[in-house]
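First up is the structure itself, then whatever we jot down about it.
Note that this is a predicted model, so its numbers are computed, not measured.
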Amino acid sequence: MILFALAFTSAAQAGTSLVEQYGRMLTTPCTYVCPKAQLPLRIDGILDEAEWQRAPYTADFADISGAGFPTPKYRTRARMLWDDNYLYVGAELEEPDIRATLQQRDTIIYKDNDFEVFIDPDGDGRAYFEIELNARNTVFDLMLDRPYRVGGNFFVQWDCPGMKSAVHCNGTLNNPNDKDEGWTVEMAIPRQAIAASFTNPLEQGKWLRLNFSRVEWLKKGGPEENWVWSPTGKIDMHMPERWSYVLLANTPDEAFSYPYNQDVYRVMWAIYYAQEEYLKEHGRYATSLVALGFTAKDRSLLPEGADIRMDATRSIYNITVNCEGKQYTLDSYGFFANS
């Protein structure tokens, strides 16, 4: 591995920065302060318990590609709660014609209209899981060791242990001759599923990376719509670095603070996305930041005194930023850490 120092040409200083080039995928993800439930919830798909009234709604879902794309035709929003045993998810999906045909667990549920949950328990971009369900409450759950873009393997045989889910239809299922209001989802995802091999994250003050998605088939044969809580900037939900930040709190009015410097995070991921593009074009990674087009504009976004470097070969690389008493690392697999 070779250490490459930063150098800037006058052309690079005048050019478009990497952060600007990949800006659509570098917007700040949504945040949510998740209050602790004081009483157990009844998982029946009806979000009528008083506990749910303590949980704020997420922002309405948007197109997965972000700003500038059409507003979803139907409204979707969600709520969350947690306690010592479960992370609770409640979702409301406006739908004038509720449809669902798939009934066998672990079939490809997004072939129906569906609701999806993605959770990376410790926010490092590896070992995350996905749960999908349709209006029949048919579940498809799987775990991935890393995103598909870097050869991730998915384990469909994994069933979320102890999960409870229910759906309530405000209308009639599979009857196109009347007009429905929509359907609601209620889920209790147990601590042991979220913790897995991680330190138990269901504790006050800890946070998760999490996102919600809704696949909607407005017409038979598609194309499908992808509506999400926190847009990723491209049609790909398997970008855990783009998911929302969820803080586990006692009450919803507790102050939220990011677990790491978001400017540093943006700059590092801009380099990562540039390396992905460079690999596609050249069949290898760039071995210097300058070759990627890293500019003084990018450097100026880092805190004063920050040190950034990239150790790289043609087949692997590692980005390191030291600043504010912390060290941030991001590698070619998209695994992120800060210490």
Side-chain angles (χ1 to χ4, degrees), residues 29-43 47 51-52 54-56 58 78-91 105-106 109 115-133 137 139-147 152-166 185-213 228-230 237-250 252 254 256 258-260 334-338:
C30 296
T31 62
Y32 188 88
V33 177
C34 182
K36 188 172 186 179
Q38 304 303 309
L39 297 170
L41 295 177
R42 182 180 64 256
I43 306 301
L47 309 178
E51 287 298 304
W52 279 119
R54 299 179 56 247
T58 64
R79 289 172 157 176
M80 282 172 280
L81 292 163
W82 72 282
D83 62 22
D84 294 335
N85 299 309
Y86 294 99
L87 175 70
Y88 299 99
V89 174
R105 188 179 182 122
D106 288 340
I109 295 299
F115 177 76
E116 305 177 356
V117 180
F118 296 79
I119 302 178
D120 180 358
D122 51 7
D124 65 355
R126 69 178 93 190
Y128 62 90
F129 59 92
E130 173 183 357
I131 303 169
E132 306 177 4
L133 51 80
N137 194 31
V139 172
F140 176 38
D141 47 3
L142 67 158
M143 181 177 284
L144 293 96
D145 59 352
R146 56 185 183 269
N153 299 297
F154 61 91
F155 304 96
V156 177
Q157 64 270 31
W158 178 81
D159 288 338
C160 185
M163 186 189 73
K164 304 174 186 177
S165 67
V185 173
E186 194 170 21
M187 304 172 68
I189 303 171
R191 178 184 62 194
Q192 60 266 33
I194 296 174
S197 60
F198 319 103
T199 301
N200 174 23
L202 288 182
E203 296 176 5
Q204 184 185 0
K206 293 197 174 182
W207 55 273
L208 310 168
R209 297 300 299 270
L210 185 151
N211 212 350
F212 300 129
S213 174
V228 305
W229 173 26
S230 196
M237 276 301 293
H238 292 271
M239 300 173 67
E241 75 277 6
R242 300 290 300 135
W243 299 348
S244 302
Y245 295 90
V246 176
L247 174 69
L248 304 180
N250 269 332
E254 290 187 25
F256 179 91
Y258 291 100
Y260 30 74
F335 299 158
F336 175 83
N338 68 301

How close do [X] and [Y] get, counting heavy atoms only, and between which atoms?
X: Pro161; Y: Gln192; answer: O-NE2, 4.1 Å
X: Leu210; Y: Leu87; answer: CD1-CD2, 3.8 Å
X: Arg209; Y: Trp243; answer: NH2-O, 2.6 Å
X: Tyr260; Y: Gly123; answer: OH-O, 4.3 Å
X: Ser165; Y: Val139; answer: OG-CG2, 3.8 Å
X: Asp122; Y: Trp207; answer: O-CH2, 4.2 Å

Problem - All side chain to side chain donor-acceptor pair (under 3.5 Å) counterparts of Ser213, not counting sequence neighbours - result: none
Handout entry: By side chain to side chain donor-acceptor pair (under 3.5 Å) - contacts of Asp145 (at least two apart)
Key =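 By the side chain to side chain donor-acceptor pair (under 3.5 Å) rule, Asp145 matches Asn153.
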Pairing residues for [X] by the ring pair (Phe, Tyr, Trp, His ring centres under 6.0 Å) criterion, not counting sequence neighbours:
X: Phe115; result: Phe212
X: Phe335; result: Tyr333
X: Phe140; result: none
X: Phe256; result: Tyr258

Problem - salt bridge (Lys or Arg N to Asp or Glu O under 4.0 Å) against Asp159, all qualifying residues, sequence neighbours excluded - result: Arg105
Practice task
Dump the intermediate steps for side chain to side chain contact (heavy atoms under 4.5 Å, CB included) on Val117 and Phe129, then the final yes or no.
Solution key: CA-CA 8 Å; Val117 180; Phe129 59 92; over 6 Å; no
With a 3.5 Å distance limit and no angle check, can you tell me whether [X] reaches the backbone of [Y] through a side-chain donor-acceptor pair?
X: Glu51; Y: Gln38; value: yes
X: Arg79; Y: Arg54; value: no
X: Asn211; Y: Phe118; value: no
X: Tyr32; Y: Pro56; value: yes
X: Trp82; Y: Leu202; value: no

Problem - Residue pairs fulfilling salt bridge (charged side-chain N to carboxylate O under 4.0 Å, His left out) with at least one residue in residues 237-246, sequence neighbours excluded - result: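 Non-adjacent pairs meeting salt bridge (charged side-chain N to carboxylate O under 4.0 Å, His left out): Arg149-Glu241.
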Identify, with sequence neighbours excluded, every residue that meets side-chain contact (heavy atoms from CB on, under 4.5 Å) alongside [X].
X: Glu254; result: Val33, Gln204, Ala249, Asn250, Thr251
X: Cys160; result: Ile131, Asp141, Trp158, Met163, Ile189, Pro190, Ala193
X: Leu47; result: Trp52, Glu92, Glu186
X: Ala188; result: Ile43, Tyr86, Tyr88, Lys164

State the [atom1]-[atom2] distance between [X] and [Y], to the nearest 0.5 angstrom.
X: Leu81; Y: Leu248; atom1: CG; atom2: CG; answer: 11.0 Å
X: Ser230; Y: Met239; atom1: OG; atom2: CE; answer: 11.0 Å
X: Glu132; Y: Glu116; atom1: CD; atom2: CD; answer: 4.0 Å
X: Met80; Y: Met187; atom1: CE; atom2: CE; answer: 12.0 Å
X: Leu144; Y: Phe155; atom1: CG; atom2: CZ; answer: 8.0 Å

Practice task
Report yes if some heavy atom in the side chain of Pro29 is under 4.5 Å from a heavy atom in the side chain of Tyr245; otherwise report no.
Solution key: yes
Exercise for the section: Count the heavy atoms belonging to other residues, nucleotides or ligands that lie under 6.0 Å from CZ of Phe154, then report whether that count exceeds 12. Expected result: no
Handout entry: From CA spacing to verdict: side chain to side chain contact (heavy atoms under 4.5 Å, CB included), Gln157, Asp106
Key = CA-CA 8 Å; Gln157 64 270 31; Asp106 288 340; over 6 Å; no
